[in-house]
Amino acid sequence: MPDPYAGLHVEVTSTTQRVADELRRAVFDGELEAGTPLREVALAASLGVARSTVREALTLLVAESIATREPHRGVSVAVPDADAVRDVCRARTVLESAGVRRWCDAPEAARQEVRDRLAAYTGAVARGAGYAELNETHLEFHVALVGLAGSPRLVHTARALVAELKVVLAQIDRAERNAHDQADSHEAIVALLEAGRVDDGLVAIDEHLRDAERDILHALGAT
C-alpha cells in the first residue's frame, strides 16, 4: 500500500532562517543602525548566499517590523518612532497585566519560569554582564510574566513586541544604556506575587512599564 507519509518533509533550519537570524542579531546589537539600507546584492555577497535567500529573509524582518520596505527605495532597518514605542509599551502593559492577574491560578511550571527568568536577569546584573545579555534576560523575564496567562498566542505576541523593542533599544546611544540595573524593582514585583498581593503586583508592573516607556522616549529625544 502507498506510504501515507511520503509527501511529508521537514527542514530543520533553512538558510533563509539563518540569514534572518544573523540580520536580527546585527540589528539588535546595534551593528546595523536605524535607516541602514539592506541591499540584497551586497548582503548576498557578504553572507555567501543567493540573492533570493536574502530577499526571503528580508521579507521575514519586514513582517516582524524590524525592517521597512518602501517603493523604489528597498528595505532598510526600521527607524524608531515615538508613537510606535508608546503603542508597544501600551500593548506590553495589557499582556503582562493579563499574566500577573493569573499568578495564583497559573501552573507551577509557569510561576517557576518567572522565578528562573528573574534569577537569570538579576544574576546577569550582579556579575556586570554586557548590554546584550542584560537586555535579553530582562526582556525574557517580561515574556515569562505573559506566560502566566497560559496562552501561547499571547506569548507569541509578546515576543513580537519584544523584537520591536529590541530594534528601538539598539538605536539608543550607549551612554543611555545604564545596564538596566532595575533588579530591585523586578524582585519586588515577584515578591508581591509570591505573597499573594496580586493587585499590588499589577500596580507595580504598570508603574514599571510606564517608567520604561518614559526612559526610552527620553533616550530617543521624544517627549
Side-chain angles (χ1 to χ4, degrees), residues 20-39 42-43 57-97 117 121-122 124-125 128-143 145-146 157-186 188-189 202-223:
D21 287 343
E22 176 60 10
L23 291 175
R24 287 190 198 94
R25 183 205 60 75
V27 172
F28 295 161
D29 287 352
E31 293 178 17
L32 294 174
E33 298 183 354
T36 300
L38 299 173
R39 307 296 189 195
L43 286 170
L58 293 179
T59 297
L60 293 177
L61 268 59
V62 170
E64 296 167 4
S65 298
I66 295 172
T68 57
R69 189 189 305 275
E70 297 183 39
H72 312 299
R73 298 188 64 180
V75 179
S76 59
V77 178
V79 176
D81 173 80
D83 288 338
V85 169
R86 294 186 184 97
D87 192 34
V88 166
C89 292
R90 190 178 305 121
R92 288 183 66 202
T93 299
V94 171
L95 294 180
E96 294 183 33
S97 296
R117 293 300 183 179
Y121 171 54
T122 56
V125 172
Y131 171 74
E133 183 180 353
L134 288 169
N135 196 37
E136 186 69 25
T137 54
H138 176 210
L139 293 174
E140 283 298 321
F141 167 77
H142 285 277
V143 172
L145 289 179
V146 178
T157 301
R159 291 200 178 282
L161 294 172
V162 162
E164 285 194 64
L165 193 58
K166 284 181 179 179
V167 177
V168 176
L169 293 175
Q171 311 310 322
I172 294 175
D173 185 80
R174 290 187 181 273
E176 298 286 350
R177 298 173 178 175
N178 59 2
H180 290 293
D181 53 356
Q182 307 164 27
D184 289 347
S185 66
H186 289 72
I189 291 169
L202 284 167
V203 172
I205 195 65
D206 182 74
E207 291 178 349
H208 175 76
L209 293 175
R210 285 179 184 274
D211 288 345
E213 176 184 347
R214 183 198 63 229
D215 292 345
I216 293 170
L217 291 173
H218 174 74
L220 290 175
T223 56

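If you read the sequence from its start, that first residue is 1, and numbering goes on from there.
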Quiz prompt | Any V85 side-chain heavy atom under 4.5 Å of E164 side chain | solution = no
Practice problem: Give the C-alpha distance, both sets of side-chain angles, the deciding distance and a yes or no for side chain to side chain contact (heavy atoms under 4.5 Å, CB included) between F28 and N135. | Solution: CA-CA 10 Å; F28 295 161; N135 196 37; over 6 Å; no
Quiz prompt | E64 and R24 ion-paired at < 4.0 Å | solution = yes
Self-check item: R25 with E31: basic N within carboxylate O range, under 4.0 Å
Solution: yes
Quiz item: Taking all atoms of both residues into account, what is the closest heavy-atom pair of S76 and G35, and its distance?
Solution: CB-O, 3.8 Å
Quiz prompt | Test item: L43 and L23 side chains (from C-beta on) under 4.5 Å apart, heavy atoms | solution = yes
Quiz item: Got a second to check how far L165's CG is from H142's NE2, nearest 0.5 Å?
Solution: 9.5 Å
Exercise. Kindly compute the distance separating SG (C89) from CZ (R214), expressed to the nearest 0.5 Å.
Key: 11.5 Å
Exercise. Please report the shortest heavy-atom distance between T137 and A124, naming the atom on each side.
Key: OG1-CB, 4.0 Å
Quiz prompt | Shortest non-hydrogen separation from L60 to A20 and the atoms involved | solution = CD1-CB, 4.0 Å
Self-check item: Considering all heavy atoms, the nearest T122-A183 contact
Solution: CG2-CB, 3.8 Å
Exercise. Any chance you could measure L32, atom CG, to E22, atom CD, to the nearest 0.5 Å?
Key: 9.0 Å
Quiz item: Which distance, rounded to the nearest 0.5 Å, do you find between the CG of L139 and the NZ of K166?
Solution: 6.5 Å
Practice problem: Any chance you could lay out the side chain to side chain contact (heavy atoms under 4.5 Å, CB included) test for V62 and V75, step after step, and finish with the verdict? | Solution: CA-CA 8 Å; V62 170; V75 179; 4.1 Å; yes
Self-check item: Rounded distance [0.5 Å steps], CD1 in I216 versus CG in D211
Solution: 11.0 Å
Practice problem: Return the minimal non-hydrogen interatomic distance between L202 and I205, and the atom names on each side. | Solution: O-CG2, 3.2 Å
Quiz prompt | Over all atoms of both residues, closest heavy-atom pair of H186 and Y121 | solution = ND1-CE2, 3.7 Å
Self-check item: Side-chain (D81) to main-chain (D83) donor-acceptor, under 3.5 angstrom
Solution: yes
Exercise. To the nearest 0.5 angstrom, please state how far the CG atom of L38 sits from the CZ atom of R69.
Key: 10.0 Å
Exercise. Check the pair H208 / I189 against side chain to side chain contact (heavy atoms under 4.5 Å, CB included), numbers first and verdict last.
Key: CA-CA 9 Å; H208 175 76; I189 291 169; 4.3 Å; yes
Exercise. Could you tell me whether the side chain of S97 and the main chain of T93 form a donor-acceptor pair under 3.5 Å?
Key: yes
Quiz item: Does a salt bridge link E140 with R159, judged by any charged N lying under 4.0 Å from a carboxylate O?
Solution: yes
